[in-house]
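Accompanying notes for the structure given below.
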Protein chains: 2
Amino acid sequence: MEEHKCEHNDISYPKGLKWTKQRKCVYQVLEEATEPLSAVQIYNRIERDHEGSDYAVSTIYRILATFEEHGMVEKTTFMGDGTVVYELNRGEHTHYAVCLECHKRIPLPSCPFAHVHLEQDTGDFTVTGHKLELYGYCKKCQEARKKQ
Amino acid sequence: MEEHKCEHNDISYPKGLKWTKQRKCVYQVLEEATEPLSAVQIYNRIERDHEGSDYAVSTIYRILATFEEHGMVEKTTFMGDGTVVYELNRGEHTHYAVCLECHKRIPLPSCPFAHVHLEQDTGDFTVTGHKLELYGYCKKCQEARKKQ
DNA sequence: ATCAGTGCAAACGATTTGCACCTCG
DNA sequence: CGAGGTGCAAATCGTTTGCACTGAT
């Protein structure tokens, strides 16, 4: 819980957790990713980049669970289908518009709740977070659909 | 697509689909449910209520897929974990506050987007729908947490 | 009678677990 | 050195599929 940090490779890492090469890899992949990734996607990227070094998928899952417990990553699911993905918790707070056709994720310029106090509307419920996703069709897919 | 209806058991049902006893059961369970249910939950409830009659889980999945294609149910996933659930499409548009402790779902009194036109903010993206979930702690769980 | 709908069992992908070994601190 | 982390293979879970049969229209 107390997040003392110790600096390795420019990454601040919670005290008590070992900074193993596997964890470094997972962290690095997430850091370089421009979109949320599934455990298997992360596994594949590591395989690709570190050929020969035998990693186990189960390890990736365990690492992601640990990272999540320590608030380092956020576990989410795409709406509609149930794909589970992970992204580095960069402290930013972003929502996305997701294209139903090509699954592209377009970050929304701002959080619509910046000025809204939903807490008041929900009575005796303390809101600690929220998740919002718009869906529809991106420009490219709109045009492709018109032609049919 | 043309949703001609034919009335069976007070339920309006899309033309062309057979109104089998299995489909009736699934529909009934969803109708009586106060919260979204997973395919397996639906299966279990049917088993409980109709002991002896052998239903197959796979059938439930196929029925739910069909229902979804015909807009009769909505397939969703809980945010955070990837549980896939189905609920009857009652035409209402509701968002929920979900308690992180007891998983209770409290419907929000109104859609915060009623007055907001998000379409304009997202540029060339045509929004067809959105999903919003708040999370936090319900009154009961707040109090339980304080005592620790 | 016909064909959509079903049960069954097997296949599948994603995730978890038990256990012996390894390694970071 | 020792607890915590890992690899491996087997287990589990939710979901899908092929096929032969059945029942709603």
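Convention: sequence-line order gives letters A, B, ...; per-chain numbering from 1. Computation of the quantities below employed the complete heavy-atom set of this structure, encompassing side-chain atoms and omitting hydrogens, waters and symmetry-equivalent molecules.
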Could you tabulate the donor-acceptor pairs under 3.5 Å formed by side-chain atoms of residues 41-50 of chain B, not counting sequence neighbours?
residue	atom	partner	partner atom	Å
B/Q41	OE1	B/S38	N	2.7
B/Q41	OE1	B/S38	OG	3.4
B/N44	ND2	B/V40	O	3.3

DNA chain C stem ranges, 3 or more consecutive Watson-Crick or G-U pairs under 3.5 angstrom
C:1-14 with D:12-25, C:16-25 with D:1-10
CG (A/L88) and CZ (A/F67) are apart, to the nearest 0.5 Å, by 8.5 Å
Starting from [atom2] on [N], measure out to [atom1] on [X] and report it in whole angstrom.
| X | N | atom1 | atom2 | answer |
| --- | --- | --- | --- | --- |
| A/Q41 | C/dT15 | CD | P | 10 Å |
| A/L37 | C/dT15 | CG | C1' | 17 Å |
| B/Y43 | C/dT6 | OH | P | 14 Å |
| B/L64 | C/dT6 | CG | C1' | 15 Å |
| A/N44 | C/dT15 | CG | P | 12 Å |

Main chain of B/E74, side chain of B/N89: is a donor-acceptor contact present, judged purely on distance under 3.5 Å?
no
When you measure from the side chain of A/R23 to the backbone of A/L64, do you find a donor-acceptor pair of N or O atoms at a distance under 3.5 Å?
no
Closest approach of [X] to [Y] (non-hydrogen atoms, all atoms of both residues):
| X | Y | answer |
| --- | --- | --- |
| B/Y61 | B/A39 | CE2-CB, 3.4 Å |
| B/E87 | B/L30 | CA-CD2, 4.4 Å |
| A/C138 | A/I106 | CB-CD1, 4.3 Å |
| A/E68 | A/K75 | OE2-CB, 3.5 Å |

Treat primed atoms plus P, OP1 and OP2 as sugar-phosphate and everything else as base, then score nucleotides 3-15 of chain D 5' to 3': B for base contact with protein heavy atoms under 4.0 Å, S for sugar-phosphate contact only, - for none.
BBSSBB-----SB
